Colleague: 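This structure is in structure tokens; I'll ask about it shortly.
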Amino acid sequence: MLFIFFTILILLAVNFGIGIITRNLLKIEDHNFVLASFLGMIGITISETVFAFFFPLNSYFELFFVIAGLSGTGFFLIKEKLSQFNFKFDFWFYFFLSIIIFSASFSPYLFDHYGYYIPTISYLNEVGFVKGISNLDLLLGQTSFWHIYQAGFSHFTDPFLKINSYLLVLFLIYIYERKQYFLLILLPIFLLFVQQPSPDLPILIISLIVINELINKRESTILLYLSLFAVCIKPIVFWLPLFVIFNDFNRNKFKLKSIFPIALFGILLVLKNLWLFGFPIFPVSFPDFNLAWKPSQEMMTYSSQIGLMKSYDMKYSFEQVSRFNLIDKIYHWFTIGYKSVLNLGIIISLIIISIVALKKKNKFYYLLLICLVLKSILIISFSAQYRLFLDVYLIAIFLLIKNFSEQKAVFTTVFLSIFISVIFTFPGFIQKYNIGKRMSAFNFSQLYKPQVNSAINIYSEYKIGNFIFNVPKDPLNKNAFPVLNVYDLKLYDYYGIFPQYFGKDYKSGFFQRRLTDTEKVQLKNIISQTEKLNP
């Protein structure tokens, strides 16, 4: 906890300092600590994204941004005063701060942390962007801006990857700075994301801040930057900048200079995707520029089939799902077990937003509804997974609790926060129901540093063609770049393809080619040896 506390303090100073520098460069007039801090995060991430095309995001870059950020904060304190910000923290602020740090001190439990977040951050630290890295692991072609930002602070500022705890503290400061205490009710939900750098948390918090600012008629150029940043973190929130732009047009506030950030973020996102993934938008395989490093058609077909099957919680095979007619699709979507309740929640959330829009009879709410319905239709057409609609749930909850008093909000948040903390401390109860398998109980060592996965990393090195790679004993340990676990190997074995270097090593990039008969036997032997280590 102590280590996380110091990490949060450093990041508060660094991001705010960079934000002040960025604000002055862009000549943005906005005196809000949290929005300035977000502007700093955006400035850092854009810089890192550009640098990653040419250099690894190593400790030198981290040191540069830390010094620059602290210098920016120092310059601000000399020229201006923190007293200009509306900070009035009470006992409950420090209580919730402690709860956030306590919750963050537990070990990561989301599968994506080990299968996607760590491998992404590891390769960014070691080499920066790698051409065609999706040919090694399709997920690495995604490389969220959030993990680019995290990679830049993962050496000595935040080696335990607890960046989400800082983000939630920043959100807590926003609540008190704007006196929007009803938002406290969402803190217990967000506690589920602070153990690992999940990109879901930043898009949810950014969506809430943008919508709340616009509802309260606080107009700022930073809101457009924030919404575009959210899309680069996770493209499923494309509706947010769309809504900001529509709202500006509705109020006759849209300015031609807004095209600059739209073009900047759009070009960076597309270039990053083309270099890593081979297509402009992850995980869509069109438009196709026929780049030499695009993933094989087999892998893209597999990805789309998995996405479709996940719509039904993997209860049915692709062949079964493909035979569903419209009625079957709707019926099975609502009858796949307890997750069907979450699917029903999507419909209920849209109904709630519709009712609010009809009741308010305001273009703001109509535009919000249109953007969320458009997002829902588009996402459902690809993969109707409930986790892709977290922002829809959240906006519905936001509208429902908007008029909660401070007293009710604090009481509810205290109760739910303690409840979540107890679950983290004693996870055995929920684990009986096959939930939170990787959660670990409280350990006194957490008082000074966060828990980490205690598994020992054992790797074996192999070579197929010109590709030299590591295979871990534990399939979830994928931080020795380049690495393929046993599941990756089985997938390549099934399709008869395998990654290869364009040149002598991974710095030249990856492509996929067909395995020869000899290589197929070699791959099967590697799979057999790996399974013996961890049957």
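It should be emphasised that the depicted structure is a prediction, and the values quoted were computed from it without experimental measurement. Count residues from 1 along the sequence.
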Colleague: Look at the rings of Phe89 and Tyr94 and say which category their plane angle falls in: under 30° parallel, 30 to 60° tilted, over 60° perpendicular.
Modeller: perpendicular
Colleague: Describe, in one word, how the ring planes of Tyr174 and Phe171 are oriented to each other, choosing from parallel (under 30°), tilted (30 to 60°) and perpendicular (over 60°).
Modeller: parallel
Colleague: In Å, rounded to the nearest 0.5 Å, how long is the span from OG1 of Thr412 to CG of Leu186?
Modeller: 11.0 Å
Colleague: Aromatic rings Phe95 and Trp92: how do their planes relate, parallel, tilted or perpendicular, breaks at 30° and 60°?
Modeller: perpendicular
Colleague: Could you list the residues that satisfy side-chain contact (heavy atoms from CB on, under 4.5 Å) with Leu358, not counting sequence neighbours?
Modeller: Tyr366
Colleague: For residues Thr143 and Tyr123, is any side-chain donor paired with an opposing acceptor at under 3.5 Å?
Modeller: yes
Colleague: Testing the 3.5 Å rule here: is there a donor-acceptor pair between the side chains of Asp248 and Ser258?
Modeller: no
Colleague: For Tyr149, which residues count as a ring-ring contact (aromatic ring centres under 6.0 Å, His included) partner, sequence neighbours excluded?
Modeller: Trp146, Phe153
Colleague: Do Lys88's NZ or CZ and the ring of Phe93 fall within the cation-pi criteria of under 6.0 Å and 45°?
Modeller: no
Colleague: Using the ring pair (Phe, Tyr, Trp, His ring centres under 6.0 Å) rule, pick out the option among Phe96, Phe442, Phe5 that qualifies with Phe102.
Modeller: Phe442
Colleague: Looking only at the side chains, is there a donor atom on one of Gln385 and Ser383 sitting less than 3.5 Å from an acceptor on the other?
Modeller: yes
Colleague: For the residue pair Phe249 and Phe254, does the interplanar ring angle fall in the parallel (under 30°), tilted (30 to 60°) or perpendicular (over 60°) class?
Modeller: parallel
Colleague: Restricting to non-hydrogen atoms, name the atom on Ser376 and the atom on Val392 that form the minimum distance, rounded to 0.1 Å.
Modeller: OG-CG2, 4.1 Å
Colleague: Determine the minimum heavy-atom distance between Thr45 and Ile148, stating which atoms define it.
Modeller: O-CG2, 4.3 Å
Colleague: With rounding to the nearest 0.5 angstrom, report the CD1 to CG distance, Ile121 to Leu161.
Modeller: 4.5 Å
Colleague: Can we call the ring centroids of Phe38 and Phe229 under 6.0 Å apart?
Modeller: no
Colleague: Tyr166 and Asn15: side-chain donor and acceptor closer than 3.5 Å?
Modeller: yes
Colleague: Locate the shortest heavy-atom distance separating Ala441 from Gln446; write the atom from each residue and the value.
Modeller: O-OE1, 3.7 Å
Colleague: For the atom pair CD1 (Ile236) and CG (Asp391), what is the distance rounded to the nearest 0.5 Å?
Modeller: 5.5 Å
Colleague: Grab the two heavy atoms, one from Pro450 and one from Phe160, that are nearest each other, plus how far apart they are.
Modeller: CG-CG, 3.5 Å
Colleague: Would you say CZ of Phe419 has more than 12 non-hydrogen atoms from neighbouring residues, nucleotides or ligands within 6.0 angstrom?
Modeller: no
Colleague: Just verifying a value: how many Å separate Asn247 CG and Lys363 NZ, rounded to the nearest 0.5 Å?
Modeller: 11.0 Å
Colleague: Answer yes if the ring centres of His147 and Tyr116 are under 6.0 angstrom apart, and no otherwise.
Modeller: yes
Colleague: Would a line drawn from the ring center of Phe111 to the ring center of Tyr109 be shorter than 6.0 Å?
Modeller: no
Colleague: Taking side-chain hydrogen bond (donor to acceptor under 3.5 Å, both in side chains) as the test, write out the residues that go with Asn443, two or more places apart.
Modeller: Ser445
